Structures are given as structure tokens and as C-alpha cells.
Amino acid sequence: MSEHCAISVIERVDAVFEERDWPWARTHAGEIAHVWDQARRTRPEMFDGEVLLATATHGAGEGLALRFFPVRFSAFFAFKQAGFPDETVLNVFAMAALRCGDGRFLLGEMGAHTANPGQVYFPSGTPDRSDVTPELTVDLAGSVLRELAEETGLKPPSDALAGHWHMLRKTGQIALMRPIGLPDDSAEVLARVRRTLAAQQEPEFVAVSALSPQAASADPRLPGFMRAYMTWCAERN
């Protein structure tokens with residue numbers, strides 16, 4: 001079943017970085033450690049690195065303003081498992097909504113060593129410090145291209161990227177879809193991506209596919225917000 005998401009088109013995302021404490025993580029340290037220990041028993045490859053969560057200062061009109069701060073992945077993981085109980089904090093992530101010349105979207109199935117094994121997503125990732133610029137902004141557009149290159153080997157030209165975002169808002173999360181259009185047929189794109197995956201030692205994606213919005217909206221391997229987005233795209237065609 002797809003989830004209820006508020007979906008809108010926005011022209012601008014302004015994101016800044018700040019070093020600050022997260023009270024929720026500090027006061028729930030014991031619970032975080034327990035959740036992380038349980039998760040690591042079945043997925044020992046999961047790494048407790050650093051990611052960025054955010055607060056939204058405003059999101060009305062044409063733009064979205066965000067303030068990101070660093071947390072351990074274990075804290076983020078426990079926060080998500082608990083259903084995002086701190087209502088002031090958001091998991092904001094950018095995704096490459098790459099569509100081939102025949103209208104099909106590129107999708108990847110997450111590997112067993114990832115936090116979402118078996119689920120199917122666009123190339124994406126939770127922002128981290130590598131997305132922070134010297135000016136202390138968070139480059140979400142750059143994050144999209146970095147994740148796309150790392151996970152698929154694809155490096156689309158700048159004119160393939162839309163100048164806007166599709167924003168999906170749901171409890172505790174904002175997904176920012178960056179539309180990318182390639183003229184190539186999906187079979188050709190898939191062949192290129194599969195060659196890249198075959199050369200990687202431990203790829204994020206264990207398989208890739210190309211689906212129409214209608215087919216993807218009914219695929220149970222996609223999380224609910226992804227199916228909601230595909231339904232929205234199908235209705236706009």
C-alpha cells in the first residue's frame with residue numbers, strides 16, 4: 001500500500017550545516033545502543049558512521065529552508081525505528097528520479113548488507129559531511145549526483161537535470177526527488193549499470209530494473225512513499 005504523502009514541486013532548496021547537540025539522542029542513549037546491537041546481530045556489515053538530520057525553518061511557497069546537523073547512524077537508525085518521535089527533527093534525503101527515454105524509471109534493489117535489504121529505491125543516500133561545502137551549506141543536488149555515480153556509475157550531463165525538485169513530506173521525513181532525464185532506452189541504461197555493479201566488490205544495489213510509473217506504483221518491493229510518488233507521476237503523464 002502506498003503512503004499518504006504531501007507532494008509538491010519546489011524551485012529551490014536552501015540547506016545549511018551547523019554543529020550542535022541533539023537532546024533526543026543524548027537522553028535515549030541506552031535505547032539507541034540496544035536497538036543498534038540488535039540490528040548488528042543480523043546485519044554486522046552496517047557501519048555506525050555519521051549522517052546529517054535536519055530541522056526545517058520553512059517550507060512554504062517555492063522553496064524549502066533546512067538546517068542540518070551531524071548524528072551517529074546508530075542514533076538515526078533507532079530514531080527511524082521508533083517512528084521519528086522527536087517532531088522537531090527530520091530525515092531529509094535526496095533521490096535521483098532518473099527516467100529513461102522510453103519513460104521508465106531506473107530502480108535498484110538494496111543489498112542484504114544495507115539498512116533496507118530487499119527494498120527497491122531510486123539511487124539515494126542520507127546526507128553526510130561529504131555533502132557539506134566550505135561555506136557550510138549542504139549540497140543536496142551534488143549528493144544526488146554523487147549517490148547516482150557511486151551506486152550506478154551513471155554521470156548524466158548537467159542539462160539532463162531538472163531545475164526543480166519534487167518534494168514528498170510525511171511524518172518525520174522529506175524526500176527530495178531530483179528529476180533526471182536521459183534520452184537512452186532503458187535497456188541500454190540497464191546494461192551500463194549492470195556492468196558497473198558487476199565490477200563492484202559490495203554494491204549497494206544487488207539488482208536494477210526499469211519500470212513505468214504504473215508498474216512501479218504496484219510493486220510491493222517499493223516502500224510506500226516511493227509507490228505514492230510513482231502514482232503521482234503516472235497521474236501527471
Side-chain angles (χ1 to χ4, degrees), residues 2-3 5-10 12-18 22 25 46-57 59 63-84 86-98 105-111 114-117 119-133 137-152 154 161-162 164-180 204-205 222-230 232-233:
S2 62
E3 295 176 271
C5 299
I7 305 178
S8 58
V9 179
I10 59 174
R12 188 182 70 259
V13 177
D14 299 317
V16 299
F17 173 82
E18 60 184 8
W22 186 20
M46 289 173 60
F47 175 62
D48 192 16
E50 195 176 65
V51 296
L52 306 182
L53 296 182
T55 57
T57 57
L64 173 68
L66 301 163
R67 301 187 72 86
F68 281 91
F69 62 95
V71 303
R72 304 308 304 178
F73 183 79
S74 55
F76 162 59
F77 185 84
F79 177 57
K80 185 176 180 180
Q81 292 291 103
F84 306 100
D86 182 350
E87 296 181 357
T88 68
V89 171
L90 296 163
N91 169 213
V92 181
F93 52 96
M95 311 188 85
L98 189 148
F105 282 103
L106 176 70
L107 297 160
E109 180 182 338
M110 303 299 291
T114 68
N116 300 293
Q119 292 195 338
V120 172
Y121 286 90
F122 290 139
S124 62
T126 302
D128 58 36
R129 280 187 190 267
S130 68
D131 300 309
V132 179
T133 72
T137 63
V138 180
D139 184 8
L140 293 174
S143 176
V144 167
L145 295 178
R146 175 174 61 82
E147 294 290 345
L148 181 63
E150 290 177 359
E151 295 178 4
T152 69
L154 297 174
L161 277 70
H164 58 270
W165 299 84
H166 295 157
M167 179 175 68
L168 282 74
R169 297 195 71 148
K170 60 190 287 285
T171 301
Q173 293 182 303
I174 294 179
L176 293 168
M177 312 298 198
R178 193 58 175 260
I180 301 174
E204 290 284 304
F205 291 151
L222 275 70
F225 79 93
M226 286 282 298
R227 294 200 298 278
Y229 179 65
M230 291 300 186
W232 184 78
C233 289

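Since the model is a prediction, treat every value here as computed from it, not as a measurement.
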Applying side chain to side chain donor-acceptor pair (under 3.5 Å), can you list everything that pairs with [X], at least two apart in sequence or on another chain?
X      : value
Arg72  : none
Glu150 : none
Thr133 : Glu135, Thr137
Asn116 : none

So which heavy atom on [X] is nearest to which on [Y], and how close?
X      : Y      : answer
Leu176 : Leu64  : CD2-CD2, 4.1 Å
Asn91  : Leu53  : CA-CD2, 4.0 Å
Ala228 : Cys5   : CB-SG, 4.3 Å
Ala54  : Phe69  : N-CE2, 4.1 Å
Ser124 : Glu147 : O-OE1, 3.3 Å
Asp128 : Arg146 : OD1-NH2, 3.8 Å

>> The test is side chain to side chain contact (heavy atoms under 4.5 Å, CB included); show your working for Met226 and Met177 and say whether it passes.
In response: CA-CA 10 Å; Met226 286 282 298; Met177 312 298 198; 4.0 Å; yes
Sequence neighbours left out, cut at 3.5 Å: what donor-acceptor pairs do the side chains of residues 73-82 make with other protein atoms?
| from | atom 1 | to | atom 2 | distance (Å) |
| --- | --- | --- | --- | --- |
| Ser74 | OG | Asp48 | OD1 | 3.1 |
| Ser74 | OG | Asp48 | OD2 | 3.0 |

> Relative to each other, are the rings of Phe105 and Phe122 parallel, tilted or perpendicular (30° and 60° limits)?
Replying inline: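 Answer is tilted, since the angle falls between 30° and 60°.
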>> Can you classify the ring geometry of His166 versus Tyr229 as parallel (below 30°), tilted (30 to 60°) or perpendicular (above 60°)?
In response: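 Because their plane-to-plane angle lies in the 30° to 60° range, the rings of His166 and Tyr229 count as tilted.
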>> What's the separation between atom OH in Tyr121 and atom CZ in Phe225, rounded to the nearest 0.5 Å?
In response: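 With rounding to 0.5 Å, OH (Tyr121) is 5.5 Å from CZ (Phe225).
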> What distance separates Thr55 OG1 from Leu90 CG, expressed to the nearest 0.5 Å?
Replying inline: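 CG of Leu90 is found 7.5 Å from OG1 of Thr55.
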> Given the rule in the side chain to side chain contact (heavy atoms under 4.5 Å, CB included) test, do Trp22 and Asp86 qualify, once you have shown the distances and angles that lead to the verdict?
Replying inline: CA-CA 10 Å; Trp22 186 20; Asp86 182 350; 2.9 Å; yes
List in chain and number order the residues that pass side-chain contact (heavy atoms from CB on, under 4.5 Å) with [X], two or more places apart in sequence or in another chain; answer none if no residue qualifies.
X      : value
Ala141 : Asp139, Trp165, Arg178
Leu145 : Pro156, Leu161
Glu87  : none
Thr171 : none

Decide yes or no for [X] and [Y]: does some side-chain heavy atom of the first lie under 4.5 Å from some side-chain heavy atom of the second?
X      : Y      : answer
Glu204 : Thr114 : yes
Leu140 : Pro127 : yes
Val132 : Leu52  : yes
Phe17  : Asp131 : no
Val51  : Val71  : yes
Ile180 : Leu154 : no

> Which is it for Phe68 and Glu18 under the side chain to side chain contact (heavy atoms under 4.5 Å, CB included) test, yes or no, and what are the steps along the way?
Replying inline: CA-CA 6 Å; Phe68 281 91; Glu18 60 184 8; over 6 Å; no
>> Can you list everything that forms a salt bridge (charged side-chain N to carboxylate O under 4.0 Å, His left out) with Glu109? Sequence neighbours excluded, please.
In response: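 Testing Glu109 for salt bridge (charged side-chain N to carboxylate O under 4.0 Å, His left out), a comparison that skips the adjacent residues, returns Arg221.
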